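In what follows, a structure is listed as structure tokens, so that the remarks can point back to it.
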Amino acid sequence: MDAYELITRNAAEVVTEEELRTLADDPDGKRAYVGYEPSGVLHLGHMLTATKLIELQEAGFEVTVLLADVHAYLNDKGSFEEIRETADRMQEQFIAYGLDESQTEFVLGSEFQLDEEYTLDLHAAELETTLSRAKRAMAEIQRGDHAKVSQMVYPLMQALDIEYLDVDLAVGGLDQRKVHMLARETLPELDYEVRPALHTPIIADLDSGVGKMASSSGVTISMEDSEDEIEAKINDAYCPPTADPDPDGDGNERENPVLQLYQYHVFPRVETVVVERPEQYGGNLEYDDYETLEADLESGDLHPMDAKSALAAELNALIEPGRQQLNA
RNA sequence: CCGCCCUUAGCUCAGCCUGGUAGAGCAGUCGACUGUAGAUCGACUUGUCCCCCGUUCAAUUCGGGGAGGGCGGACCA
């Protein structure tokens with residue numbers, strides 16, 4: 001697998017392909033970052049971008065994880081004190097999940113976002129941005145129906161972070177794309193350089209396959225879950241025997257979240273998946289890549305129930321180090 | 001600063017005018033059917049009715065006060 005392929009593997013979107021190819025030509029020492037609002041316990045959403053960071057490290061990138069305490073504060077996630085406490089725990093869990101400690105720099109947003117120069121740049125960015133544009137950028141991120149002024153500042157700070165952390169690539173889930181597009185427009189206004197962005201897919205809601213697996217509502221899987229809980233959640237997941245389910249009764253597009261978890265969480269981290277299966281149904285199966293597993297589910301050679309139990313085992317193995325760290 | 005509206009189940013809301021401790025849809029739980037889930041049937045659960053004071057035999061309901069949220073107006077020398 002060449003560098004470009006590794007870097008863009010499983011990406012939902014890359015902006016722009018040309019800019020990323022340039023980075024891939026000489027990835028050593030290039031810098032990438034993801035920002036997270038500290039939430040204490042890592043869930044699959046965090047782990048999806050973390051997996052991408054691990055792949056970037058394999059490609060030679062230096063990785064910065066922004067523990068965005070100021071952003072969390074602006075998004076009404078609690079007091080600074082509370083937020084910083086959870087940031088510490090989160091950092092430990094990222095390392096437990098597999099981010100290489102020697103190649104990863106953890107930065108607290110408040111370490112630089114309150115500096116005078118940053119603040120003046122922020123005001124400059126505010127001057128360049130209409131309220132409706134900022135609101136649009138925040139639509140996927142904000143909590144609550146009614147946007148606060150703090151939430152209008154939030155995406156502008158993300159734009160500045162790209163400059164102030166001196167990164168070559170901004171990484172995030174697809175829900176960050178409007179913020180990154182705003183950043184690409186805003187940075188040049190302040191005479192800063194535009195950086196490319198890479199977006200990971202968003203895993204569908206486990207129960208329905210519709211929309212995104214939200215941590216706030218519905219079922220999510222985190223390092224806090226016990227093995228039994230994960231088994232139960234995966235077993236309850238929506239899983240028709242196809243990768244491309246029909247829309248639901250309301251015409252909403254549906255995905256197969258079980259396959260998505262294999263594709264985006266398991267196979268990037270695991271060489272071979274063994275599906276244990278009773279002799280009655282044909283005995284064990286082994287998969288070296290996602291495509292074969294998907295094809296077997298599609299053809300009926302792999303029953304969803306067997307796919308689920310193997311998935312639960314794989315997820316449990318991936319989460320185990322973090323779980324131990326959490327219980328330490 | 002002024003005015004209006006909202007606050008009831010996890011969510012969206014009805015009920016209040018004409019007081020008797022509450023209902024729908026969705027969600028959820030459990031069964032049946034599928035070797036998973038979903039779909040489809042069948043059953044079931046859910047509440048400090050925002051807080052305080054008052055009237056009353058009795059207040060979610062009426063009156064007063066307060067808190068939180070939303071919307072608008074005014075001011076623009």
Side-chain angles (χ1 to χ4, degrees), chain A residues 39 41 43-44 73-79 131-132 134-135 138-152 154 201-222 224-267 273-287 290 292-318:
Chain A
S39 76
V41 178
H43 57 68
L44 285 179
Y73 179 76
L74 293 174
N75 203 20
D76 200 17
K77 296 293 175 71
S79 71
L131 211 49
S132 60
K135 208 170 177 177
M138 271 304 278
E140 295 283 324
I141 300 169
Q142 74 179 234
R143 62 162 40 181
D145 296 343
H146 303 281
K148 303 285 173 61
V149 173
S150 63
Q151 290 167 324
M152 299 300 92
Y154 184 115
I202 302 290
I203 302 289
D205 178 71
L206 271 185
D207 279 336
S208 65
V210 177
K212 64 176 177 180
M213 183 179 74
S215 52
S216 49
S217 64
V219 178
T220 190
I221 290 177
S222 80
E224 253 177 357
D225 290 318
S226 69
E227 292 195 20
D228 289 349
E229 283 170 327
I230 288 180
E231 278 170 26
K233 286 177 180 181
I234 295 299
N235 187 52
D236 284 346
Y238 173 71
C239 185
T242 176
D244 188 22
D246 292 331
D248 72 4
D250 299 325
N252 299 310
E253 280 302 316
R254 275 194 288 200
E255 304 293 334
N256 185 323
V258 170
L259 284 178
Q260 287 185 319
L261 291 174
Y262 269 114
Q263 182 175 8
Y264 300 123
H265 282 280
V266 177
F267 280 105
V273 172
V274 177
V275 177
E276 293 186 11
R277 198 166 61 169
E279 285 304 323
Q280 176 191 359
Y281 296 120
N284 292 2
L285 292 167
E286 274 192 32
Y287 295 98
Y290 167 73
T292 315
L293 186 149
E294 181 190 309
D296 272 9
L297 188 84
E298 196 84 44
S299 70
D301 290 341
L302 173 62
H303 191 278
M305 193 178 185
D306 297 319
K308 282 181 173 180
S309 52
L311 175 62
E314 294 294 344
L315 290 178
N316 266 317
L318 283 171

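Remember, predicted model here, so these are calculated numbers, not experimental data. When reading the values below, keep in mind they use all heavy atoms of this one structure, side chains included, and skip hydrogens, waters and symmetry mates.
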Would you say whether A:H303 stacks on B:G35? The test is a distance between ring centres of less than 5.5 Å and an angle between planes of less than 30°.
->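 It does: the ring sits over the base of B:G35.
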Euclidean distance, atom [atom1] of residue [X] to atom [atom2] of [N] [Å, nearest integer]:
X      : N     : atom1 : atom2 : answer
A:D248 : B:G38 : CG    : C1'   : 10 Å
A:D205 : B:A27 : CG    : P     : 12 Å
A:Y238 : B:G38 : OH    : C1'   : 6 Å
A:D236 : B:C30 : CG    : P     : 8 Å
A:K148 : B:G68 : NZ    : P     : 12 Å
A:L261 : B:U36 : CG    : P     : 20 Å
A:E276 : B:G35 : CD    : P     : 23 Å
A:M305 : B:C33 : CE    : C1'   : 15 Å

Provide the distance between the two [atom1] atoms, one in [N] and one in [M], to the nearest whole Å.
N     : M     : atom1 : answer
B:G66 : B:U45 : P     : 42 Å
B:C50 : B:C11 : P     : 13 Å
B:C1  : B:A74 : C1'   : 8 Å
B:U40 : B:G20 : P     : 38 Å
B:U7  : B:U12 : C1'   : 14 Å
B:U48 : B:U60 : P     : 14 Å
B:C26 : B:A9  : C1'   : 12 Å
B:U46 : B:G25 : C1'   : 15 Å

Close N/O contacts between protein and nucleotides 4-11 of chain B (under 3.5 Å):
none

Side-chain contact test, heavy atoms from C-beta onward, threshold under 4.5 Å: evaluate it for A:Y290 versus A:V273 and give yes or no.
->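 No, side chains not in contact.
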Specify the closest pair of heavy atoms between [X] and [Y], including all atoms of both residues, with the distance to one decimal.
X      : Y      : value
A:T220 : A:H43  : OG1-CB, 3.9 Å
A:N235 : A:K308 : O-NZ, 2.9 Å
A:Q260 : A:A204 : OE1-N, 2.8 Å
A:L74  : A:Q151 : O-CG, 3.7 Å
A:L297 : A:T242 : CD2-N, 3.9 Å

Base versus backbone protein contacts along nucleotides 39-46 of chain B [heavy-atom cut-off under 4.0 Å; B, S, -] | --------
Check: A:N75/A:Q142 side-chain N/O donor and acceptor closer than 3.5 Å |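 Looking only at side-chain atoms, A:Q142 and A:N75 do not form any donor-acceptor pair under 3.5 Å.
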When we call it a touch if two heavy atoms are under 4.0 Å apart, what does A:P245 touch: a base, just sugar-phosphate, or nothing?
->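 The answer is nothing, as A:P245 stays clear of every strand by at least 4.0 Å.
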Among A:D225, A:D205, A:D228, find the one that has a salt bridge (charged side-chain N to carboxylate O under 4.0 Å, His left out) with A:K233.
->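 Of the listed residues A:D225, A:D205, A:D228, the salt bridge (charged side-chain N to carboxylate O under 4.0 Å, His left out) partner of A:K233 is A:D225.
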Which nucleotide in the set B:A37, B:G28, B:G35 lies at the smallest distance from any side-chain heavy atom of A:D207?
->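 The nucleotide sitting nearest to the side chain is B:G28.
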Base-paired stems in RNA chain B, each at least three Watson-Crick or G-U pairs under 3.5 Å |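 Stems (3+ consecutive pairs) listed as B:1-7 with B:67-73, B:10-13 with B:23-26, B:28-32 with B:40-44, B:50-54 with B:62-66.
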Is the number of heavy atoms from other residues, nucleotides or ligands under 6.0 Å of A:Y264 OH greater than 12?
->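 Counting other residues, nucleotides and ligands, OH of A:Y264 exceeds 12 neighbours.
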In terms of heavy-atom contacts, does CD of A:E276 have more than 12 from other residues, nucleotides or ligands at under 6.0 Å?
->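 Result for CD/A:E276: open.
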Between A:R254 (side chain) and A:D246 (backbone), is there a donor-acceptor pair under 3.5 Å?
->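 Yes: the side chain of A:R254 pairs with the backbone of A:D246.
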Any sub-3.5 Å donor-acceptor pair from A:N256's side-chain atoms to A:P240's backbone N or O?
->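 Yes, the answer is positive, given that a donor and an acceptor are paired below the 3.5 Å cut-off.
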Relative to the ring of A:F267, is the ring of A:Y262 parallel (under 30°), tilted (30 to 60°) or perpendicular (over 60°)?
->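 Aromatic pair A:Y262/A:F267 classed tilted.
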